Amino acid sequence: MLLVFNSSTERFIITTMKKNKLIVALLLAVATVCMSFTSPAPAPNIEVAIIVNSGNPVDKMNNELVKSFWLRRFVRRWKEINKGILPVDRKTKCAEQDIFYVSVLGLAPEVVEAYLSARQYQNGDSPIQKFTSDADIIEYVSQQPGAIGYVNAASLGKGSGVRVIFTVSK
Amino acid sequence: MKNLLSRKSPYQSNSYLRISVVLSIILLSAITLSHAQEVVYKGFLDINASVDKNHSTFNFGGFDNYLSSQITDKLSFVGEIIVQPSQGQEFRVDVERIHATYEFNEKFKLTIGRFYAPIGYYTTHFYSDHAALYTPSLTRPTILAYEDDGGVLETRATGVMVTASHLTSLNLTYDLALSNGIGSNSAGDNDKNKAITMRLSMSPVEGLTLGGGARFDRLDASTISRATNLELGESVTTNNFSGFGAFTNDKFMIMAEYYSISNQSASAGKVNSQGAFAYAGYTFKKLTPYLQYDYLNISTKDVYYSSANNDSGVDVGIKYAFTFKSVLKSEYHIDTQSLYFQYAIGF
């Protein structure tokens, strides 16, 4: 039952649902049109930067090389500075981690965890350091000559003590 | 009536005391060192069951305690100690490996202590049976059985090893070890002779490893023969040669190793024996069915090795990984008509 104002009789009248089907449908259509003009804006493009310590002269890398070094698949030390490779990761799931795992490693998180666990047992690899924020990662990489990590490129500032060797965006 | 209070409690036995001391040292070291540098501790456990025509049993395989630490940028430590059943109601402690490694650079490193001998592919990729999460099959290949389980080859060595890796475009790796020889025990060598073990492998493409190795040793006359349990009474020169290959990727794992063992003595002359294994497994999703072929043919004329464990047969198995920390394996040995089960976890 709906209460509707009849302009001709200048009175409110109670109408049945059957008669007001058209009115309800019109109201819904108007609401839908309004919502389409207020839909959320598309997610901003995120650029992830792979960073090393500024004292590490390693050349710019491609996707496969970043993957090989971060996972320590073939070597455990940087030839350029003769320091152990120290991979860095985010402690909790975030957009940057998703982009790094999908676009650089091409591996699901559980596959990465299984691989790293097996390598620790087989080779005695040191555990990957994990941090909660880009600022913490940048600070660690700037202090550790062998570190390699990933951050949102927008987090980097001048004089941060790190070098960008590869970028990937989504 | 027998006084039950006078019955010796198993908790008073020496083996339990040794185990308790060792585990306490491990735990205390992990806690203490964790404040100074990062210590990685991993534990592994395997529980087994088997059944054949005449016998069935459950058994506790082993509790594997693995510790590692990056002490400095170039110096690291690995220790692996296993508690496993012994005779009666006793347990024994077995040191699988305990060594320090110094990495000169990305190509050269030096290892000193007790380590897995650089022979073949399997030994230095899967290590202990009791880190059963990682082993491809339920039972260890016969040719690679541990020495204290009646195995032929010296799978572990105490000494020093130099490794050169990632050499040339063929990705060559060379290991050279100088260690206590056959006849030695955990306390030390029994004679002045040392074993020399060498291995050369290459990985020209990702996942493929091909290689060969050799081991040279000389047994003193006082060495106890495994064939007779008596002193040899003469010196024996033993030379082993091996060839191996492996291919692994996300789906396939194929391995094969062959060993030729030549023992020379004044009484028996030159006696040749052989051993080999082959493994093939295919993984789809969490399931890996596999086949393993074992071959061991120790000559009955050999003055040192026993032919009692000679073997030739195919095992059919399946491995299911609930997660990478929990797996279930089942294996059927066609020659002995025995069925085995294993549940392995890691943490």
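Just so it is clear: chains get the letters A, B, ... in the order the sequence lines come, proteins before strands, and each one is counted from 1. This structure is a prediction, so every number in the text was calculated from the model and none was measured.
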Top of B:Tyr127, B:Phe324, B:Phe104 for chain A proximity - count of heavy-atom pairs under 4.5 angstrom | B:Phe324

Residue part contacting chain B, namely of A:Glu113, when any heavy atom lies under 4.5 Å = both

Can you say whether B:Asp250 sits under 4.5 Å from chain A via the side chain, the backbone, both, or neither, judging by heavy atoms?
-> neither

Looking at A:Gly124 and B:Val78, what are the two nearest heavy atoms and their distance?
-> CA-CG2, 4.2 Å

May I have the step-by-step check of side chain to side chain contact (heavy atoms under 4.5 Å, CB included) for B:Glu38 and A:Gln129, ending in yes or no?
-> CA-CA 10 Å; B:Glu38 201 154 2; A:Gln129 299 298 313; 2.9 Å; yes

CD (A:Gln122) and OH (B:Tyr66) are apart, to the nearest 0.5 Å, by 9.5 Å

Would you check, one step at a time, whether the test side chain to side chain contact (heavy atoms under 4.5 Å, CB included) holds for B:Asn105 with A:Lys79?
-> CA-CA 7 Å; B:Asn105 52 45; A:Lys79 181 177 63 176; over 6 Å; no

Applying a strict 4.5 Å limit to non-hydrogen atoms, the region of B:Ser165 in contact with chain A is neither

Any luck finding a side-chain donor-acceptor pair between A:Tyr121 and B:Ser128 under 3.5 Å?
-> no

B:Lys74 NZ to A:Asn82 CG distance, which is reported to the nearest 0.5 Å = 4.0 Å

What one should report as the nearest heavy-atom pair of B:Asp73 and A:Gly84 is OD1-N, 2.8 Å

Most heavy-atom pairs under 4.5 Å with chain A, out of B:Leu133, B:Asn171, B:Val40, belong to B:Val40

Are the charged groups of B:Glu106 and A:Arg76 less than 4.0 angstrom apart, N to O?
-> no

Using a distance-only test with no angle check, is there a side-chain donor-acceptor pair under 3.5 angstrom linking B:Lys42 and A:Ser117?
-> yes

